[in-house]
Each structure stands twice: as structure tokens, then as C-alpha cells.
Amino acid sequence: MKTLDQIAAELQGYDPQAMTADGVNDFLSRLVKPVQEILELPLFETLGRVLAADVISPFDVPPHDNSAMDGFAFAGAQLAPDAALELQVVGTALAGKAWQGSVEPGQCVKIMTGAVMPAGLDTVVPQEFVQLRQVGDIESITIPPGLLRAGDNRRLRGEDLMQGKAALRKGELLTPARLGLSASLGLEKLKTWRPLRIAYFSTGNEILSLGEAPREGAVYDSNRYTIFGLLSRLGCQVIDMGVVRDDPALLEEAFNEAANQADAIITSGGVSVGEADYTKAMMKKLGDVAFWRIAMRPGRPMAVGRISSMKSAYSAYSAGEDSYENHSHQEGAVMFGLPGNPVAVMVTFLAFVRPALLQMMGANAEPAPLLKARSSEAIRKKPGRTEYQRCCVSTAPDGSLQVKTTGSQGSGVLRSMAEANGLIVLNHGQGNVAVGDEVDVMMFDGAI
Ligand code: AMP
Ligand code: MG
């Protein structure tokens with residue numbers, strides 16, 4: 001496991017005082033590692049988990065050539081470009097009940113969607129294109145010329161999935177469609193990486209827990225609730241550690257307890273310049289931690305690193321590995337020390353923590369692509385930092401996407417986050433935005 005110094009040495013021009021948003025993600029991707037424990041779970045318990053092994057199709061899907069339409073199946077070689085084709089109906093193939101008889105030239109079989117194609121037949125004419133005629137006991141149809149080509153309206157065996165081939169890949173997030181696909185292969189269980197355990201707490205003497213009486217200068221803790229929600233959406237197991245006062249003994253206890261139980265720790269508050277330095281001092285004391293100033297808005301200060309776990313250090317020691325000292329920075333939990341401002345917490349989570357956690361979850365998911373939308377207002381923006389503006393994306397009368405900000409973008413204004421359906425991402429080099437300019441948007445849907 002690399003120390004922060006080792007990671008810093010791999011990066012060109014690393015400067016903790018002038019991190020770019022891209023630089024932060026690059027650093028974090030080198031810091032975190034995927035969990036390696038596999039859980040084999042019943043399908044209903046796998047939603048949102050990450051596959052720990054390819055899912056191999058045990059058979060062809062569909063298992064037989066079958067009809068894509070309700071209609072009449074026949075041998076397509078009989079179709080002529082300029083002559084109608086007349087066929088006598090000799091039987092019926094139902095979904096779940098194949099037609100077993102033979103079919104001669106000039107004959108066809110009435111067939112339902114999903115029914116197995118009778119032997120030798122490769123084409124289906126949909127029922128709405130033909131008229132059924134009955135003369136005595138004999139039913140027949142006429143297919144007009146130029147309507148069909150051989151092979152039309154037939155689904156091929158193995159068209160969805162081929163036996164022995166990967167239907168799903170290791171590292172894929174299990175979505176509703178992927179659950180259904182696994183079920184269609186008859187699989188009752190899937191191998192998944194175990195969920196992450198994430199501990200979080202808020203810091204600050206002015207932060208009130210719910211239920212406490214309001215007092216002058218104090219604010220209710222909202223960060224634990226947004227972090228809880230964001231983590232839950234990611235399928236993490238959460239360990240809520242409450243509000244921790246700016247007190248060295250309490251902070252040390254909280255960090256130790258968190259590092260002993262969790263894969264990662266998320267704190268909020270106490271990392272900005274001019275804070276009573278207890279939080280920062282304790283992070284330094286207990287771990288390998290860097291304090292960054294990120295060229296972004298909102299969310300400038302952030303601390304990251306690893307907090308050692310007394311338990312893992314102790315068990316390594318008792319297992320005879322190295323020394324306690326050598327080990328103390330090698331194990332433990334990844335730490336994300338987020339700023340205190342409620343909007344900054346959510347933005348830094350979405351921009352940095354979420355991609356890092358997905359990597360820890362073993363997910364190979366690419367970040368969702370940013371959308372392009374036309375700004376319905378002018379936005380002031382200084383080049384040299386990345387800005388995330390809370391916004392509402394909607395469809396313009398001409399069908400294109402338009403976007404406007406939610407107004408005041410103060411980093412404490414959580415209302416702006418609650419009203420938004422996404423974030424305008426104004427990249428590092430970008431300047432002012434004029435009305436009608438296209439901007440990048442990160443949609444919340446799927447992430448929040
Ligand atoms: P800090 O980063 O600790 O200086 O906090 C920046 C601002 O965010 C201050 O106005 C804090 O009161 C506020 N803040 C910090 N933590 C929380 C929290 N858990 N919930 C709501 N506001 C907070
Ligand atoms: Mg504070």
C-alpha cells in the first residue's frame with residue numbers, strides 16, 4: 001500500500017496548496033484499493049452490488065430460433081421479388097408448444113410470438129400483412145411481393161447470449177436489468193464484492209444533533225444526513241458516529257473507533273484554515289494525511305489520507321509482521337476530511353468521494369457522461385478553478401436541453417441543492433458563460 005508521499009512522487013507538479021479537481025481524482029485513484037472479500041448472494045440481495053466474477057451464460061438465449069411476431073412462418077427461399085406468394089396453413093406453433101410436423105414448399109404454419117420456429121422455416125410474415133382465406137377445410141394466405149426478405153421476424157438462437165460467453169462482466173454494478181438478465185440464465189446466486197463499511201461523523205462545537213435545543217450561534221447537523229443519503233444510494237453500509245466536539249480525546253476516540261470498523265471514514269468540518277486545529281492535528285497524529293486547497297468552488301479545503309487502525313496494527317504485530325511502528329500507516333481506513341459547509345460536502349462527495357468509493361467497491365463503472373445544455377442565463381466564472389453550480393435542467397420548446405442555476409450559490413445554501421436536479425460543471429480553464437452557451441451538466445439522477 002502506497003504512502004501519500006509515494007503517490008505524490010508519482011505525480012507531476014503535485015502541490016497540496018493548488019490541487020485541481022482532476023488532480024484530486026488522479027491522486028485518490030492511486031490511494032484507494034478495491035475490497036477483496038466475495039459474498040455469494042441470492043439474486044434479490046444483489047441490487048446495487050458489484051459483480052466479483054463474470055457471469056457466464058450456461059445456455060444460448062434464446063435457446064431456439066423463434067418468432068418475433070404473431071403471424072405465419074414459412075421458408076423464405078420461396079419469396080420472389082415480383083410475385084405474390086400463396087401458402088397453405090398446415091398447423092399452429094404456440095409459445096411453449098412447438099409445432100412438430102413437417103412443412104412442405106407452398107405451406108406455412110401459424111405462429112405466435114416467442115414460439116419455436118418449425119424445422120426448416122426461417123421467415124415470419126406478421127398477421128396484419130396477410131388475409132386469411134378459407135375454402136372448405138383449407139386455410140391459405142397470400143404474401144404481397146416486396147414486403148419481406150428471407151429471415152425477417154425471426155429471432156436467432158443465441159442472439160441475446162451465447163452459451164459459454166460472459167453475459168455480464170466482473171466489476172459491473174448490478175442494475176435491475178442485470179438482475180433480470182441473471183435470472184433469465186437461471187442463476188439463483190451471484191458472486192459480489194462485499195459492501196463497503198463507511199463511518200462518518202460531523203465535527204464542530206457549534207453543531208447540534210437533532211433533538212438538542214437550539215442555541216445562539218449553533219446550527220443543526222445536516223451533513224450527517226446528506227452523507228448518509230449519498231452513501232446509502234451507493235449501497236454502502238453506514239456507521240453513523242454522530243457529532244464529535246473539538247476535543248482531542250473525543251476526536252481520537254472517534255477516529256480510532258471508525259478506523260477499527262470501517263473501510264473509509266468521512267468527516268465534515270474542521271479542515272479549513274483558521275479552524276481550531278484539533279481535528280487537523282488529530283488526523284495528522286493518527287494517520288498519513290494530506291491537507292489540500294483545491295481550485296474549486298464550493299469546497300476548497302479537504303483532507304485525505306489513511307487513518308491507522310489500532311486493531312489492524314495490533315493484529316499485524318501479533319502475527320509477527322514487521323513492527324507495530326512500520327505497520328501503523330499501512331493499514332486502517334481511507335479518510336476523506338470534507339469541508340463543513342453543507343453544499344461543499346455534497347459537491348466534494350459527488351466530485352471526489354463517490355468515484356473513489358466506486359473504485360473501492362470494485363466497480364469498473366465509468367463516470368456517467370456529462371450532458372451538454374444551453375445556459376438560459378449568463379454566469380460569471382473566473383478561469384483557474386472548477387465551479388459546480390446547482391442547476392435545473394429542463395427541455396426547451398425546441399426539444400433541446402436548457403439549464404438555469406438555482407440562484408444563490410453560497411456554499412452553505414442547502415436549499416439550492418434540494419431544488420437542483422444537477423450541477424453545472426464549469427471546468428478549470430473556462431471563463432464567463434453567456435446566455436445560450438453550452439455548458440456541461442452532471443445530473444443527480446443515479447448519483448443522488
Ligand atoms: P468548517 O469547515 O468547520 O469551518 O465549517 C464551515 C461552515 O459549515 C460553518 O458555518 C459551519 O457551521 C458549517 N457546518 C460545519 N459542519 C456542519 C454540519 N455538520 N451541518 C451543518 N453545517 C455545518
Ligand atoms: Mg468547524
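The figures here come from the full heavy-atom set of this structure, side chains too, leaving out hydrogens, waters and symmetry mates. For ligands, and for the atoms within them, numbers begin at 1 and follow the listed sequence.
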**OP:** Please say whether more than 12 non-hydrogen atoms of neighbouring residues, nucleotides or ligands are located less than 6.0 Å from CZ in R215.
**Re:** yes
Subject >> Taking every non-hydrogen atom, the tightest pair across S67 and M112 >> reply: CB-O, 3.7 Å
Original post:
If you look at every heavy atom in S416 and T406, which pair is closest and at what distance?
Top reply: CB-OG1, 3.4 Å
Subject >> Within residues 42-63 or reaching into it, pairs that qualify as salt bridge (charged side-chain N to carboxylate O under 4.0 Å, His left out) - sequence neighbours excluded >> reply: D54-R169, D60-R157
Original post:
Under 4.0 Å from ligand 1, counting heavy atoms only, is it the side chain of I207, its backbone, both or neither?
Top reply: side chain
Original post:
Out of curiosity, is G270 lining ligand 1, as in a heavy atom under 4.0 Å away?
Top reply: yes
Original post:
Quick one: side-chain contact (heavy atoms from CB on, under 4.5 Å) partners of K404, sequence neighbours excluded?
Top reply: S376, E377
Subject >> Criterion side chain to side chain contact (heavy atoms under 4.5 Å, CB included) against R224, the qualifying member of D221, T226, I227 >> reply: D221
Original post:
Which of the numbered atoms in ligand 1 are below 4.0 angstrom from a heavy atom of S272?
Top reply: 1 (P), 2 (O), 4 (O)
Original post:
Side chains of D152 and T123: is there a donor and an acceptor less than 3.5 Å apart?
Top reply: no
Original post:
Does any N or O atom in S222 lie less than 3.5 angstrom from one in ligand 1, N or O only?
Top reply: yes
**OP:** Would you mind finding which of P339, S202, G340 brings a heavy atom closest to atom 14 (N) of ligand 1?
**Re:** G340
Subject >> ligand 1 atoms in contact with Y220 (distance to a heavy atom under 4.0 Å) >> reply: 20 (N), 21 (C)
**OP:** Check each heavy atom of P342 against ligand 1 and say whether those closer than 4.0 Å belong to the side chain, the backbone, both or neither.
**Re:** side chain
**OP:** Just let me know how R224 lines up against ligand 1, side chain, backbone, both or neither, with a heavy-atom cut-off below 4.0 Å.
**Re:** neither
Original post:
Numbering the atoms of ligand 1 from 1, which are under 4.0 Å from a heavy atom of G269?
Top reply: 2 (O), 3 (O)
